[in-house]
Amino acid sequence: MSTAEHSHHVRLVYQPALPLSNGKLFMWLFLSTEIMFFAALIGAYIVIRFGAPTWPTPHDVHLVEVIGFFNTLVLVLSSVTIVYCLEAAKSNKTGVAKAFMGATLLLGSIFLGIKVYEYSSKFSHGIYPKPQHSRIYEKADLYYASAVRARLQEISGALTVKPVWTNEDAQALAALDAKSELTDEETTQRKDLRTKKDTAITEEEQKQLAFVKELELKTNTTDLVAINALAMEIAPLASAMSVGEHGAAHHEGLNDQMPWLRLPIMIPGGNMWASSYFLLTGFHAVHVLVGLIFFAIMLSWNLNAASAGAIENIGLYWHFVDLVWIFLFPLLYLF
Amino acid sequence: MSANDPSHAGHGHEGTHTHSHTGQYFAVFVALCVLSAMSFLTYTDFWRQRFPVEAGRTFMMAVSCTKAMLVILFFMHVKQEANWKYVLTIPPAIMAVFLMLALVPDIGLRGRKYSPERKARMAEPAATETADATHHAEPASGQPTPAAH
């Protein structure tokens, strides 16, 4: 074929802009910024994690891999339902499109619900991103022993100030209750005795007090090995278990057996882990929440071919949210 | 017709390509589930006992990248889009890599610059205890019941 013949068949078409709608262009530009945002966060996590002197294993910080895996499936399934919603809308099957949109909303809500459960599990173990609430200590050193002692003294102090309900008190109250008529002084005395009975230290609390006093003795040491053993007794680390025990189920410590203790816990690298975990999953959860708000709004629309562009745009956003989780799941739960 | 007209824009093949992608989406979904299960399996004792940790992590990242590509290509329809996709995705991808690399000297290698005082207070990996010492950490006598409070 000659050059002249070839050029005769080439039909150049001038396009004044990118061949996509304004809405879709905006969404892709927005996603471009989001790629950088999450890449910076995930990149920072990777750099921090592998540059750290030590890092807790998922079991050390009470992460359950199966829950993360289930959430991955939930989010992947929601990605499928939103593309089915788009297909249905393009075919003007508004009812089917709404059903798929509703399913996406439901699945996203399940994801968030599970995330809330996971967060509450961390909080109940004293793992917070903020120092005011966090009970994490990096090392089983003298500072840790001092913090444990301070907490034990706080508990024992609150129990010690409670009045003791004696047999004499019980007899006096019984005698006053038996009387048909009481003087003003006796009425006041009976009221005081009843208040004392209600606020008196219980048998259970006396056992707690004795236990706390006994445990406090273990903190009066400068032996780092003994302090480490105490830390393991309070909250055992899965990573500190012998090889045969590793990967076993959750190991219960004193904090688990007696949640009222709320003693400081020792997790090497735990503070940086908590900051990274809550930052990454928190920003991701905010994105999920925003997506759910848009889905809820769009459920009130007539989801036909005319609204396919909008569905495609929110779908792109939702797939991006899914993409982020695809990387977060192995990095946070499996590494 | 304007290039910004939504009815004209959209997918690169939309005009001539009207058949449903339902089967394809389902196939991608199944592939994503299988890949997720594969990355999860690397955490089992079976995998641990046979492969080094680095191999498992590399495998998990490879699986994640494959999953991401499936979502991007099929669910986000990038496979069908015109060449503008490169304009909007490659620059932020390059920026993302540079963002991560920029953190390496100050954050990733921070341990090399620690002073002796800082190292003394640095977290250390927990010493491995025997199963008896940790798992059966019996509390002192007179222990109250766990359900209290």
Side-chain angles (χ1 to χ4, degrees), chain A residues 15-22 28-29 32 35-36 39-40 43-44 47-48 51 53-54 65 69 72-73 76 79-80 83-84 87 138-139 204 207-208 210-211 214-215 228 232-233 236-237 239-242 244-245 247 251 254 257-258 260 268-269 309 316 319 322-323 326-327 330 334-335, chain B residues 3-4 6 9-10 20-22 25 29 32-33 36 39-40 42-43 45 57 60-61 64 67-68 71-72 75-76 82 84 88-89 91-93 95-96 99-100 103-104 107-111 121-131 133-135 137 139-140 142-146 148-149:
Chain A
Q15 290 188 335
L18 291 173
L20 70 168
S21 66
N22 287 339
W28 271 105
L29 284 172
S32 301
I35 289 171
M36 289 189 280
V47 171
I48 286 171
T54 182
E65 298 87 357
F69 178 60
T72 307
L73 294 185
V76 166
S79 271
V80 179
V83 285
Y84 279 156
E87 289 289 309
E138 299 277 332
K139 261 180 135 172
E204 186 67 37
K207 282 184 184 174
Q208 288 176 5
F211 175 69
E214 197 169 337
L215 195 60
N228 190 62
M232 290 293 116
E233 193 179 335
L237 290 171
S239 56
M241 303 302 285
S242 59
E245 293 283 320
H251 308 288
L254 294 179
Q257 293 163 5
M258 288 166 279
W260 52 270
L316 284 171
H319 296 313
D322 183 22
L323 273 183
I326 281 174
F327 286 100
L334 304 179
F335 263 44
Chain B
N4 287 342
S20 172
H21 296 281
T22 309
Y25 292 147
F29 168 66
L32 288 171
C33 290
S36 299
S39 61
F40 182 64
T42 57
Y43 207 65
D45 286 337
R57 287 174 177 168
M60 275 190 272
M61 278 295 101
S64 291
K67 284 164 71 181
V71 171
I72 291 168
F75 287 171
M76 297 174 89
W84 62 260
L88 289 182
T89 54
M95 284 294 291
L99 275 170
M100 194 172 85
L103 295 167
V104 172
I107 310 294
L109 304 176
R110 64 191 183 281
R121 289 169 175 76
M122 195 167 71
E124 295 164 354
T128 303
E129 298 283 326
T130 60
T134 51
H135 200 180
Q143 173 190 328
T145 55
H149 280 228

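Protein chains get the first letters and strands the later ones, always in sequence-line order, with residue 1 at the start of each. As a basis for the values below, the full set of heavy atoms in this structure was taken, side chains included, without hydrogen atoms, waters or symmetry mates.
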Which of V76(A), L73(A), V80(A) passes side-chain contact (heavy atoms from CB on, under 4.5 Å) with L32(B)? Answer is V76(A)

The interface call for F335(A) against chain B, heavy-atom contacts under 4.5 Å, is both

Scanning both residues in full, the closest heavy-atom pair of M122(B) with P53(A) reads CG-CG, 3.4 Å

Closest non-hydrogen atoms of M76(B) and L323(A), given as atom of the first, atom of the second and distance, are SD-CD1, 4.1 Å

Comparing S64(B), A93(B), C33(B) against chain A, the one with the most heavy-atom pairs below 4.5 Å turns out to be S64(B)

Tightest non-hydrogen contact, residues P330(A) and M61(B), listed as CG-CE, 4.0 Å

Bottom line for L103(B): the part with an atom under 4.5 Å from chain A's heavy atoms is both

Max heavy-atom pairs within cutoff under 4.5 Å with chain B, candidates I48(A), D322(A), I35(A), goes to I48(A)

Review point. Hey, is the main chain of A123(B) close enough, under 3.5 Å, to the side chain of T54(A) for a donor-acceptor pair?
Key: no

Turns out that what part of S32(A) lies under 4.5 Å from chain B's heavy atoms comes down to both

Turns out that what part of V71(B) lies under 4.5 Å from chain A's heavy atoms comes down to side chain

What one should report as the nearest heavy-atom pair of Y84(A) and T22(B) is OH-O, 3.0 Å

If you tally heavy-atom pairs under 4.5 Å between each of G51(A), A39(A), A44(A) and chain B, the highest tally belongs to G51(A)

CG of L20(A) to CG of L88(B), rounded to nearest 0.5 Å, is 7.0 Å

Okay, R57(B) and chain A: the region with an atom under 4.5 Å from a heavy atom over there is both

